[in-house]
Trainee: 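If you scroll down you'll find the structure; I have some questions about it.
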Amino acid sequence: MTWDEMVPLLRQGTLETLQMTVWSTLFTALGGTLLGVLLVLTERGGLLPVPAVNKVLGAIVNIGRSLPFVILMMAIIPFTRALVGTSIGTQAAIVPLTLSAIPFYARLVETALREVDPGVVAAAQAMGASRGQIIWKVLLREARPGLVAGLTVTVIALIGYSAMAGAIGGGGLGDLAIRYGYQRFETGMMLAILVLLIALVQVVQSLGDLAVRRLTHK
Amino acid sequence: MIQIEKLRKVYRTRGREVTAVDGVDLTVREGEVFGVLGRSGAGKSTLLRCVNLLERPDAGRVLVDGQDLPALSGGELRRARRRIGMIHQHFGLLSSRTVAGNVAFPLEVMGVPRAERAERVAELLELVGLTEHARAYPAQISGGQKQRVGIARALAGRPKVLLSDEATSALDPETTASILELLRDLNRRLGLTILLITHEMDVVKRICDSVAIMRDGRVVESGPVRELLLRPGSELARGLFPLPDPVLRAGTTVVDVTFEGDGADRPFVSTLARTYSIDVNILGGAVEEIGGTRIGRLRIELPGEPDVNAAQLAHLREAGLAVEIHGTAGDAPGAPATDPATDPATDEEAPVS
Ligand SMILES: Nc1ncnc2c1ncn2[C@@H]1O[C@H](COP(=O)(O)OP(=O)(O)OP(=O)(O)O)[C@@H](O)[C@H]1O
Ligand SMILES: [Mg+2]
């Protein structure tokens with residue numbers, strides 16, 4: 001395979017990988033934050049203690065986290081098809097990617113929120129802050145460095161999962177790696193994909209670290 | 001201004017019950033600095049947190065400025081809390097906000113418009129002397145400055161009452177002095193009523209008008225600082241004038257005499273010795289300056305058993321001194337005998353609940 005043949009394929013694959021990663025990151029950030037906040041709110045001694053709800057949410061998160069991605073992806077094909085009309089392609093891959101990343105990120109959100117100084121929460125309560133104000137202005141705001149660090153880890157995990165998704169019809173760099181690198185022994189292609197993936201992960205990690213540094217005032 | 005009646009708070013954790021506050025009655029008058037003194041675990045923080053309902057009491061009433069807080073609904077309680085400032089041992093500042101941002105926070109909570117907020121923040125920072133540090137983050141300033149931010153923040157809603165939980169415990173002695181000075185100043189200038197919790201006698205000595213001593217969830221002694229110091233047998237006096245347990249010898253009387261003023265205008269020891277031609281032995285003593293007046297305590301030993309010294313003791317009392325007689329070998333050891341008839345403090349309320 002010549003360089004000229006590889007470039008358009010690689011460009012297309014990278015775009016698809018980015019597409020899957022960006023969209024699933026977006027949905028995960030929303031869903032995971034929501035779930036993480038709910039986990040912290042509803043726990044015993046939380047701002048809105050409902051231990052029963054907390055137990056159910058915790059169980060859902062644990063189940064979600066214990067399913068291997070590839071299995072989850074196949075298991076929810078009917079759901080994916082109902083949602084986006086197809087079970088193959090980049091768009092379809094976003095569904096299982098998001099579903100598997102939400103519980104993962106929710107736990108990271110939970111940990112980050114728990115690290116917020118309870119003294120600051122008490123101070124806000126003493127000032128007469130409402131629950132919503134405490135969630136927005138204290139918990140999520142104070143936990144920002146942790147939330148961003150957690151999101152960075154999640155994005156990198158999503159890049160990895162998206163390669164797996166590619167292997168079963170999702171497109172992207174993973175798909176290229178299987179079709180050219182693995183099935184046709186195109187070593188050059190395989191190498192190029194590896195380099196691209198490594199570079200992508202490096203860039204994400206550096207951006208994440210930078211953001212965390214900017215947000216930390218310690 | 002703050003009235004606490006029969007307050008009880010029980011913590012239940014996995015079958016274990018801790019009665020942190022066990023039937024406390026307290027009255028904090030408008031414009032005074034009221035200290036609650038006690039050892040670790042006495043229930044001081046719990047008591048304070050019950051005043052603004054950070055902890056919900058199990059029984060009793062808490063009235064702040066005439067409002068019965070436990071009876072309020074969620075929204076009403078939040079509004080009432082905005083009229084009660086609170087400062088914390090570990091400051092409780094938002095690390096993600098600047099000094100100015102932290103002071104603006106309660107104003108945001110109250111829904112004060114942005115322009116007005118900026119103006120008020122500037123005013124408050126000026127008040128606590130932090131104008132230059134407005135844009136610094138809490139991590140970049142010292143402990144004393146952090147507590148000043150805490151104080152500015154607590155005053156944002158123009159409260160009538162300030163609650164302080166060990167506000168100076170994390171600070172060094174000089175910084176503690178400057179924070180106490182600031183609180184005293186705010187108390188005088190703004191007429192702010194302050195209820196403060198401490199385990200340091202020094203804090204009481206420096207700024208409190210009244211004090212309550214807590215032990216095991218109960219108030220064992222309370223009243224104006226001056227009165228308690230003059231009251232024979234008071235724990236506060238024992239804490240502030242630490243004299244060792246008296247060594248009682250048969251045939252002598254050991255007496256603790258508490259006096260006000262600098263003592264020079266009352267040379268009572270020499271007068272006593274001269275009047276009755278006796279040898280007065282000085283065993284120990286201490287003088288402290290409290291609220292602008294000096295109060296001292298002297299332990300003296302008189303020859304003869306207490307009954308022999310009746311005239312001498314009456315003489316001391318007539319001179320306006322508070323007299324506490326330590327039991328001699330015949331009495332129960334250590335139990336101070338006081339004479340209620342001439343005890344200057346007995347007509348004051350002494351709730352020993
Ligand atoms: N949230 C809680 N759950 C269970 N027990 C508690 C809780 N808070 C306090 N206690 C218990 O209540 C008692 C009084 O605690 P509190 O914090 O009021 O004491 P304190 O006088 O403020 O002590 P310190 O000087 O150490 O701050 C202690 O025995 C403590 O263990
Ligand atoms: Mg305490």
Side-chain angles (χ1 to χ4, degrees), chain A residues 33 36-37 40-51 54-55 109 111-151 208-218, chain B residues 11 13-14 45 48-49 51-55 72 74-99 101-111 135-141 149-150 153-157 159 161-165 170:
Chain A
T33 307
V37 167
V40 172
L41 285 187
T42 56
E43 76 186 346
R44 209 178 294 278
L47 285 173
L48 193 70
V50 197
N54 189 268
K55 282 225 174 69
V109 170
T111 311
L113 295 181
R114 263 188 231 277
E115 262 161 38
V116 174
D117 177 7
V120 182
V121 176
Q125 280 177 313
M127 273 173 226
S130 66
R131 224 174 259 138
Q133 285 170 325
I134 291 175
I135 295 168
W136 276 114
K137 288 173 181 271
V138 179
L139 288 179
L140 290 174
R141 183 72 198 249
E142 284 287 287
R144 252 174 7 181
L147 295 177
V148 172
L151 196 60
D209 289 345
L210 184 72
V212 171
R213 264 202 305 280
R214 281 274 168 88
L215 293 172
T216 307
H217 299 287
K218 286 215 157 69
Chain B
Y11 288 114
T13 38
R14 288 197 201 96
S45 296
L48 195 75
R49 292 164 63 85
V51 173
N52 62 358
L53 284 228
L54 283 181
E55 297 291 352
L72 298 181
E76 287 169 331
L77 176 62
R78 281 201 298 278
R79 270 188 294 283
R81 277 176 176 164
R82 291 169 193 171
R83 313 278 306 142
I84 304 173
M86 187 174 196
I87 52 178
H88 311 261
Q89 179 173 3
H90 299 295
F91 321 120
L93 301 179
L94 292 150
S95 64
S96 57
R97 284 181 176 231
T98 60
V99 165
N102 268 285
V103 178
F105 184 63
L107 299 168
E108 281 172 39
V109 164
M110 283 180 256
R135 299 167 74 100
Y137 283 91
Q140 300 163 339
I141 58 177
V149 179
R153 181 177 70 176
L155 298 177
V161 172
L162 182 68
L163 307 178
S164 158
D165 191 355

Trainee: Using a strict threshold of under 4.0 Å (side-chain N to carboxylate O), is an ion pair present between A:E43 and A:K55?
Mentor: no
Trainee: Applying side-chain contact (heavy atoms from CB on, under 4.5 Å), run through A:V212 and A:T216 and close with a yes or a no.
Mentor: CA-CA 6 Å; A:V212 171; A:T216 307; 3.8 Å; yes
Trainee: Checking B:L54 against chain A: side chain, backbone, both or neither under 4.5 Å from a heavy atom?
Mentor: side chain
Trainee: Determine whether a donor-acceptor pair (N or O, by modelled atom type, separation under 3.5 Å) exists between the side chain of A:E115 and the backbone of A:A112.
Mentor: no
Trainee: Using heavy-atom distances under 4.5 Å, tell me whether B:Q140 contacts chain A through its side chain, its backbone, both, or neither.
Mentor: neither
Trainee: So, A:N54 side chain and A:V50 main chain: donor-acceptor pair closer than 3.5 Å or not?
Mentor: no
Trainee: Against chain B, label A:V138 side chain, backbone, both or neither, depending on which of its atoms sit under 4.5 Å from a heavy atom there.
Mentor: both
Trainee: Looking at B:M86, B:H90, B:E108, which makes the most heavy-atom pairs under 4.5 Å with chain A?
Mentor: B:E108
Trainee: Identify every side-chain donor-acceptor pair in residues 117-130 of chain A under 3.5 Å, counting partners at least two apart or on other chains, and give the distances.
Mentor:
unit_1	atom_1	unit_2	atom_2	d
A:D117	OD1	A:G119	N	2.8
A:S130	OG	A:Q133	N	3.3
A:S130	OG	A:Q133	OE1	3.3

Trainee: Quick one: does A:E142's side chain have a donor or acceptor within less than 3.5 Å of a partner on B:S96's backbone?
Mentor: yes
Trainee: Could you please state which residues from residues 75-83 of chain B sit under 4.5 angstrom from chain A, measuring non-hydrogen atom to non-hydrogen atom, sorted by number, or 'none'?
Mentor: B:R78, B:R81, B:R82
Trainee: So does B:Q89 get a backbone contact from the side chain of B:D165, meaning a donor-acceptor N/O pair under 3.5 Å?
Mentor: no
Trainee: Main chain of B:P106, side chain of B:R153: is a donor-acceptor contact present, judged purely on distance under 3.5 Å?
Mentor: no
